[in-house]
Amino acid sequence: MTKIQGPIRVRFAPSPTGFLHVGGARTAIYNDLLRQNVGGAFILRIEDTDKERSDEAMTRQIQSALAWIGVVWDEGPFLQSERLPRHHERAEELLAAGKAYRCFCAPEELDAQRTAAQKRGEAFRYPRTCLKLSQQEIDERLVAGKPFAVRFKMPDEHITFTDIVRGDMDFPPDALDDFILLRSDGNPTYHMSVCVDDIDMGITHVIRGEDHLSNTPKHIPLFRALGGQVPTFGHLPLILGQDKKRLSKRYGATSVEEFRNEGILPQALYNFLALLGWNPGGDREILSRDEMIRLFDVDRLNASPAVFDREKLLWMNSQYLSMLDAVALRPHLEPFLEEVGLGDADPARLDAAVSLHRTRARTLRELAGLLIPYFRETAYDPEASAKFLKDPDLPGHLEALRDRYAGLPDFTKEALEAALRAQADERGIKAGVLIHPTRMALSGTASGPPLFDLVETMGREATVRHFDRFIAFLRQPQPVAAGE
RNA sequence: GUCCCCAUCGUCUAGUGGACUAGGACACUGCCCUUUCAAGGCAGGAACACGGGUUCGAAUCCCGUUGGGGAUACCA
């Protein structure tokens, strides 16, 4: 297919009726990749003309979600609501030029006709009742103060265009009807607003969701009637849920904000969403934004819908967690540290602990949870600690090990390991007999990073304290289970 | 209902008429590594929706069926 030549002007035009959905985010990402790949400008436009459903807070929310995920826009945000007079003005021009006409038909009447047509198995098209009105009839209604909408006079011809992702499209004239440009309250409809804005903003490429595919044959003649350059279109397939139906709340998080709160890294979400419907060629899947920009090619955009796979997102996030070092992770981790009460923990120790645990967590929230034992006493996992209670020699072993560690000249993992193994030898036991309870004493769990890394990072003082506490735990009278 | 779009492992995908015994990734299973848990390495099971064509040859092109999705608004 044809290579897209820059500079181009693309736009992302969400309506602020909710948090930024992953589908919207993906659309923004493809616009971002295209814009960065070929050069030009990315325009952010907020389609807030539906005042009842729009919310200023959501507008800010969408911007912050886009910024967080790493989408860069060059112009805007422009609020569509502020351009209403302009939309109105252009509609008046179409009316004056005879490219649009007033429709006095009552909505209820049209609804009835629509239902009847559907019953007969036919597609309903506005029968152009009001197009046939004489000037005199129009004037009479105007004088009588009859409300009217303004309809676009659709040309009676096939509308064809080449969609970037779907190829050649052809819509026959009987599939289209004279849609409304201006409502009877004078407000422009979505179709009117988008086309006027796209023209005024010099948009050359419109990459949007598939739900707009059937709007495109309406928009193309409108662009022409308005004397504007018809942009190139590309319609992205939808993102589906596990049941292959449109992604919905039932499957958990669907907005960028929710993934952020769960502890997904922005790089991971960007990467994951970009690959949901686009393939850069080759087998690599972990790619930075810069690499994706370099490789981006609309020809490799998929036309079939994709199911959103949470598991794979989590996997990708864990890959990013492992790739980034503790310092790079710091700003992302901060809110989650606050959440678990580690907001003012010692940074050096925090970084050391993060390096030990990053490959063991799938989300930032999980990672923060794994860090707690380094700073606070935590409960011993009841199931995993139960078996240590059965060994009467264990408290003695651990006391000796504690004393050895307390007096160790250098508290390094090599020295710690040598000391532990030496003690095991002296006592004629296997190293594992000491290793496992020591891990439990320090972290409260049976799993985690290599033990001596854990001990070193914990530090001498805290280690000794943990030993004391665990020895006391082992020695306390054990409750006897009822019935035994 | 009508119009439009889509169809490769459970999922994301590679594949653009012969190199396909259909490749990779997630998930799953087994093995290795190992003080545990991860990570990593190796191996395994797992797909061309169905039916007709076209062609010497079809996952790939055409038609139909089925399934899924979208649009059918004075919502965006």
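Reminder, nothing fancy here: chain letters follow the sequence lines and each chain counts from 1. The model shown is predicted, which means the values in this text are computed figures rather than measured ones.
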Given atom [atom1] of [X] and atom [atom2] of [N], what is their separation to the nearest angstrom?
X: A:Ile435; N: B:U35; atom1: CD1; atom2: P; answer: 7 Å
X: A:Arg83; N: B:A76; atom1: CZ; atom2: C1'; answer: 17 Å
X: A:Asp453; N: B:C37; atom1: CG; atom2: C1'; answer: 13 Å
X: A:Glu311; N: B:U11; atom1: CD; atom2: C1'; answer: 10 Å
X: A:Asp163; N: B:C6; atom1: CG; atom2: P; answer: 9 Å
X: A:Ile159; N: B:C4; atom1: CD1; atom2: P; answer: 15 Å
X: A:Arg421; N: B:U35; atom1: CZ; atom2: C1'; answer: 7 Å
X: A:Arg208; N: B:C5; atom1: CZ; atom2: P; answer: 16 Å

For [X] and [Y], test the side chains for any donor-to-acceptor distance below 3.5 angstrom and give the result as yes or no.
X: A:Asp170; Y: A:Thr160; result: no
X: A:His219; Y: A:His191; result: yes
X: A:Glu122; Y: A:Gln118; result: no

Is there any protein nitrogen or oxygen under 3.5 Å from a nitrogen or oxygen in nucleotides 66-71 of chain B, and what are the pairs?
residue: B:G68; atom: O2'; partner: A:Lys244; partner atom: O; Å: 3.4
residue: B:G69; atom: OP1; partner: A:Lys245; partner atom: NZ; Å: 3.0
residue: B:A71; atom: O4'; partner: A:Ser214; partner atom: OG; Å: 3.1
residue: B:A71; atom: O2'; partner: A:Ser214; partner atom: OG; Å: 3.0

When you check the gap from the basic side-chain N to the acidic O, do [X] and [Y] get nearer than 4.0 Å?
X: A:Arg45; Y: A:Asp198; result: yes
X: A:Glu262; Y: A:Arg362; result: no
X: A:Asp425; Y: A:Lys430; result: no
X: A:Arg83; Y: A:Glu89; result: no
X: A:Glu417; Y: A:Arg421; result: yes
X: A:Arg166; Y: A:Glu210; result: yes

[X] (side chain) and [N] (base): donor-acceptor pair under 3.5 Å:
X: A:Lys312; N: B:A27; value: no
X: A:Thr189; N: B:C74; value: no
X: A:Arg166; N: B:C5; value: no
X: A:Arg114; N: B:U72; value: no

Contact class for [X] (heavy atom, under 4.0 Å): base, sugar-phosphate, or nothing?
X: A:Gly209; answer: nothing
X: A:Glu285; answer: base
X: A:Ser322; answer: nothing
X: A:Pro450; answer: base
X: A:His235; answer: nothing
X: A:Pro449; answer: base
X: A:Leu276; answer: sugar-phosphate
X: A:Glu417; answer: nothing
X: A:Phe452; answer: base

[N] to [M] separation - [atom1] atoms, rounded to the nearest Å:
N: B:A22; M: B:G1; atom1: C1'; answer: 40 Å
N: B:A49; M: B:G67; atom1: P; answer: 16 Å
N: B:A59; M: B:C50; atom1: C1'; answer: 14 Å
N: B:C48; M: B:G10; atom1: C1'; answer: 16 Å
N: B:C4; M: B:C56; atom1: P; answer: 33 Å
N: B:A47; M: B:C33; atom1: C1'; answer: 33 Å
N: B:G24; M: B:C6; atom1: P; answer: 28 Å
N: B:G17; M: B:G57; atom1: C1'; answer: 8 Å

[X] side-chain proximity, nearest of [options]:
X: A:Leu451; options: B:G10, B:A76, B:U35; value: B:U35
X: A:Ser15; options: B:C74, B:U13, B:A76; value: B:A76
X: A:Arg439; options: B:C3, B:U36, B:A76; value: B:U36
X: A:Ser447; options: B:C6, B:C37, B:C74; value: B:C37

Task: B:C74 OP1/OP2 closer than 4.0 Å to side-chain N/O of A:Arg102 - done: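 No, no such contact exists.
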Task: Contact under 4.0 Å: A:Gln118 side-chain N or O vs B:C3 OP1/OP2 - done: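 It does not, given that no N or O in the side chain of A:Gln118 lies less than 4.0 Å from OP1 or OP2 of B:C3.
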TODO: Under 4.0 Å from any atom of RNA chain B, heavy atoms only: list the residues of residues 425-434 of chain A that qualify, in numerical order.
DONE: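 Contacting residues: none.
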TODO: Specify the residue among A:Met169 and A:Arg362 whose closest nucleotide of RNA chain B lies further upstream toward the 5′ end.
DONE: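 The answer here is A:Met169.
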- [ ] Fit a plane to each ring of A:Phe470 and A:Phe388, take the angle between them on a 0 to 90° scale, and name the class: parallel (under 30°), tilted (30 to 60°) or perpendicular (over 60°).
- [x]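 The rings of A:Phe470 and A:Phe388 stand perpendicular, inter-plane angle above 60°.
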TODO: Check the angle between the aromatic planes of A:His235 and A:Phe161 and answer parallel, tilted or perpendicular using the 30° and 60° thresholds.
DONE: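 Aromatic pair A:His235/A:Phe161 classed perpendicular.
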TODO: Please round to the nearest 0.5 Å and tell me the distance separating atom CD1 of A:Ile435 and atom CE of A:Met440.
DONE: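 If I round to the nearest 0.5 Å, the distance is 14.5 Å.
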Open item on the list: If we ignore hydrogens and angles and just use 3.5 Å, is the side chain of A:Asn317 paired with the main-chain N or O of A:Gly263 as donor and acceptor?
Closed with: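 Looks like yes, one N/O pair under 3.5 Å.
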